[in-house]
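Working notes for the structure below.
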Amino acid sequence: MRKVHHGRKYLGRYRSKGQEHEAKVGWDLINTDLFKDFLHLVQSRNFSTTARDRGMSQSTLSRRIAALEAYVGGDLFDRGVQPVALSEA
């Protein structure tokens, strides 16, 4: 697998509901499920709870949030506090 796709940074692959997706930075369309993950995490403020409710492992959720953060170009959550909080971005 190449590291660069059409001049955009390649971030990796992840699976969601049996489908394989690629996370890339750029103007590509992004999976709307990532925004659902984001909204659930905003409400629950807990990665474990969100992962369980969304039917995935905590590490998968973390990768998906990282892909969304890469897409918007900044950190969305302050992970240094418990429960997690939205960042200034």
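Listed here is the closest heavy atom pair of S48 and Q58: OG-OE1, 3.0 Å. Across all their heavy atoms, G80 and D78 have their closest contact at N-OD1, 3.0 Å. Heavy atoms only, all atoms of each residue included: R64 and L34 are closest at CB-CD2, 3.5 Å.
We find the CG-CG distance between L86 and L76 to be 8.0 Å, quoted to the nearest 0.5 Å. Distance check: N46 CG to H40 NE2 gives 10.0 Å after rounding to the nearest 0.5 Å. In this structure, CZ on R45 lies 9.5 Å from CD on Q82, to the nearest 0.5 angstrom.
L68 is not listed as a side-chain neighbour of D37, based on a closest heavy-atom distance of 4.5 Å or more. Between L61 and R54, every side-chain heavy-atom pair lies at or beyond the 4.5 Å cut-off.
For S62, there are no side chain to side chain donor-acceptor pair (under 3.5 Å) partners at least two apart in sequence or on another chain. Partners of R79 by salt bridge (charged side-chain N to carboxylate O under 4.0 Å, His left out), not counting sequence neighbours, listed by chain and number: E69.
F38 and F77 have tilted rings, their planes meeting at an angle from 30° to 60° on a 0 to 90° scale.
At least one donor-acceptor pair closer than 3.5 Å links the side chain of S87 to the backbone N or O of D75.
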